[in-house]
Amino acid sequence: QATSDLAVNACREALDDAGLEADELDAIIVATCTPDHLFPATACLVQDELGAENAMAFDLEAACSGFVYAFNQAAMMVHSGAVENVLFVGSENLTAFTDYSDRGSCILFGDGAGAAVLRPSNNGGEVLHAELGAKGSDPSLLRIMAGGSRRPASQQTVEAGEHYMELKGREVFRKAVSKLGQLMHRTTEATGVGLDDVRLIVPHQSNLRIIQAACERVDVSPEKAYMNIDRYGNTSSASIPLAFHEAVQEGEAERGDLVLFLAFGAGLTWASLLFRY
């Protein structure tokens, strides 16, 4: 299975949940760092498979922050009045880019997809605050070196294993803890909403210790952060929608609750989004 195969399955479930037909969609956004091809966009493949002939389609690449970036993009499109029904999905096939000889990283990653539909509504749902950011000064912390225009595929790059993920785990850990703590603090400052008033925090499922350390920095119980990394591993942009879907199924979040999404990933990129579900 490729990234688009996983995405299509998730999108079909999201459309069923929303009670929408594919031809009612105005836009499809696929957040992924593991596209089927350099081009065409994976979103175009998803559009065709769904039969969403009336929808624009494009990919968004912000690595592990991708789903939150896509959520914010979809919300702005709906708020502007440019579209009504947006389908956005985080979908990844990370195991296709995993070096199984690197025992320090290969145990971390998984594959998956999670999708959502966003549309205008009078039921009280709203985005209260979002912060998206990036700092590209040290891309070597987490990357795939070859396969793009900087280092096109060649016998040399294949033999050197440059098409696999590279991860500097300790540095990523330190930066992620600091940035996630800042995001939570700035969310409360910007909105006046205390973390005690947030029903559920859904962080990117990168590392249990990162989540715990970030929560401790802002004096919030790690139990408020939903975790399922023990079952799926790090699925990059798919991790937040997968976790939120399971949390809703388990009654951890209900309509009307305040929910906070938090992400940090390659780029480096980061994102937070506080919304009323």
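Any value given below was found using the heavy atoms of this structure, including those in side chains, with hydrogens, waters and symmetry copies removed. Please read these numbers as outputs of a predicted model, since none were measured by experiment.
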(request) Applying side chain to side chain contact (heavy atoms under 4.5 Å, CB included), run through L128 and E126 and close with a yes or a no. (result) CA-CA 6 Å; L128 282 74; E126 61 178 332; 3.6 Å; yes
(request) List the steps, then state whether salt bridge (charged side-chain N to carboxylate O under 4.0 Å, His left out) holds for R143 with E166. (result) CA-CA 5 Å; R143 68 181 176 184; E166 300 175 12; 3.2 Å; yes
(request) Show your reasoning for whether side chain to side chain contact (heavy atoms under 4.5 Å, CB included) applies to V8 and L50. (result) CA-CA 7 Å; V8 165; L50 292 176; 4.1 Å; yes
(request) Using the side chain to side chain contact (heavy atoms under 4.5 Å, CB included) rule, take V83 and V78 through it: C-alpha gap first, then chi angles, then the decisive distance, then the call. (result) CA-CA 5 Å; V83 300; V78 170; 4.2 Å; yes
(request) Evaluate side chain to side chain contact (heavy atoms under 4.5 Å, CB included) for Q205 paired with N234, printing each intermediate quantity in order. (result) CA-CA 6 Å; Q205 306 292 300; N234 179 344; over 6 Å; no
(request) Before giving the answer on side-chain hydrogen bond (donor to acceptor under 3.5 Å, both in side chains), spell out for S239 and H204 the whole-Å C-alpha distance, their side-chain angles and the decisive distance to 0.1 Å. (result) CA-CA 6 Å; S239 75; H204 163 53; 2.7 Å; yes
(request) Evaluate salt bridge (charged side-chain N to carboxylate O under 4.0 Å, His left out) for E252 paired with R199, printing each intermediate quantity in order. (result) CA-CA 8 Å; E252 296 293 329; R199 171 73 183 275; 5.4 Å; no
(request) With side-chain hydrogen bond (donor to acceptor under 3.5 Å, both in side chains) as the test, would you mind laying out the steps for N93 and T34 before giving the verdict? (result) CA-CA 6 Å; N93 190 9; T34 58; over 6 Å; no
(request) Take S4 and D36 through the test side-chain hydrogen bond (donor to acceptor under 3.5 Å, both in side chains) and record every step on the way to the result. (result) CA-CA 7 Å; S4 65; D36 285 25; 2.6 Å; yes
(request) Verify side-chain hydrogen bond (donor to acceptor under 3.5 Å, both in side chains) between E92 and S237, making sure each step is shown before the conclusion. (result) CA-CA 7 Å; E92 304 288 6; S237 68; 2.8 Å; yes
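One finds the OG atom of S178 at 5.0 Å from the CZ atom of R217 (value rounded to the nearest 0.5 Å). Separation of atoms CG (D99) and CD1 (I144) is listed at 11.0 Å; rounding is to 0.5 Å. Rounded to the nearest 0.5 Å, atoms CE (M76) and CG (L118) are 11.5 Å apart. For the atom pair SG of C44 and CD of Q47, the computed distance is 6.0 Å after rounding to the nearest 0.5 Å. Put simply, CG on L60 and OG1 on T32 are 10.5 Å apart, with the number rounded to the nearest 0.5 Å. Here the CG-NZ distance, from D138 to K168, works out to 6.0 Å after rounding to the nearest 0.5 Å.
Few gaps surround CD on E250; more than 12 heavy atoms of other groups in view lie less than 6.0 Å from it. Annotation: D219, atom CG; neighbour count of heavy atoms from other residues, nucleotides and ligands within 6.0 Å does not exceed 12. Heavy atoms from other residues, nucleotides or ligands lying under 6.0 Å from OH of Y164 number 12 at most. Counting non-hydrogen atoms of neighbouring residues, nucleotides and ligands closer than 6.0 angstrom, the CD atom of Q155 reaches no more than 12 such neighbours. No more than 12 heavy atoms of other residues, nucleotides or ligands lie within 6.0 Å of NZ in K175, so this atom counts as exposed by the packing criterion. Within 6.0 Å of atom CZ in R150, 12 or fewer heavy atoms from other residues, nucleotides or ligands are found, so the atom counts as exposed in its surroundings. At most 12 non-hydrogen atoms from other residues, nucleotides or ligands lie less than 6.0 angstrom from CZ of F39. Other residues, nucleotides and ligands place no more than 12 heavy atoms under 6.0 Å from the CD atom of Q156.
No path of Ile, Leu, Val, Met, Phe, Trp and Tyr side chains, each step under 4.5 Å between heavy atoms, connects F264 with V202, placing them in separate hydrophobic clusters. Under a hydrophobic clustering in which Ile, Leu, Val, Met, Phe, Trp and Tyr are joined whenever their side-chain heavy atoms come within less than 4.5 Å, directly or via other members, V193 and L183 fall into the same cluster. Note: the hydrophobic cluster containing V117 does not contain V86 (ILVMFWY, side chain heavy atoms under 4.5 Å, direct or indirect links). Both M56 and I29 are assigned to one and the same hydrophobic cluster, defined by single-linkage of ILVMFWY side chains at heavy-atom distances under 4.5 Å. L87 is connected to V30 through a chain of hydrophobic side-chain contacts under 4.5 Å among Ile, Leu, Val, Met, Phe, Trp and Tyr, so both are in one cluster.
Put simply, the side chain of L200 does not reach to within 4.5 Å of the side chain of L260, judged on heavy atoms. Looking only at side-chain heavy atoms (C-beta outward), T42 and S91 stay at 4.5 Å or farther from each other. Annotation: side chain of S272 is not in contact with side chain of R186 (no heavy-atom distance under 4.5 Å). Under the 4.5 Å side-chain criterion, counting only non-hydrogen atoms from C-beta, F173 is in contact with N207. Residues M77 and F88 fail the side-chain proximity criterion, which asks for heavy atoms closer than 4.5 Å. By the 4.5 Å heavy-atom criterion applied to side chains, H129 and L273 are not counted as neighbours. By the 4.5 Å heavy-atom criterion applied to side chains, M227 and Q212 are not counted as neighbours. Side chains of T187 and H185 form no contact here, defined as non-hydrogen atoms less than 4.5 Å apart.
When atom types are taken as modelled, the side chain of D111 and the backbone of L94 share a donor-acceptor pair closer than 3.5 angstrom. Side-chain N or O atoms of N9 include none that pairs as donor or acceptor with a backbone N or O of L6 at under 3.5 Å. Formation of a donor-acceptor pair under 3.5 Å by the E61 side chain with backbone atoms of A63 is found in this model. A donor-acceptor pair under 3.5 Å is formed between the side chain of D26 and the backbone N or O of N85. One N or O on the side chain of S121 and one on the backbone of N123 form a donor-acceptor pair closer than 3.5 Å. The closest donor-acceptor contact from the side chain of R276 to the backbone of G125 lies at 3.5 Å or more, if one exists at all.
When each of L262, V127, T191 is tested with L274 by the rule side chain to side chain contact (heavy atoms under 4.5 Å, CB included), just one qualifies, namely T191. Screening Y69, Y277, W270, F275 against F261 for a ring pair (Phe, Tyr, Trp, His ring centres under 6.0 Å) leaves a single residue, F275.
Between Y226 and F244, the ring centre distance reaches or exceeds 6.0 Å.
Residues forming a salt bridge (charged side-chain N to carboxylate O under 4.0 Å, His left out) with E162 (at least two apart in sequence, or on another chain): R151. When the side chain to side chain donor-acceptor pair (under 3.5 Å) test is applied to K179, the partners found at least two apart in sequence or on another chain are Q182.
A113 approaches L242 most closely through the heavy-atom pair O-CD2, 3.3 Å. Nearest heavy-atom pair across G265 and S65 is N-OG, 3.7 Å. Residues F67 and G114 approach most closely at CE1-O, 3.7 Å, considering heavy atoms.
Residues in residues 2-23 take part in these salt bridge (Lys or Arg N to Asp or Glu O under 4.0 Å) pairs, two or more places apart or across chains: R12-E49.
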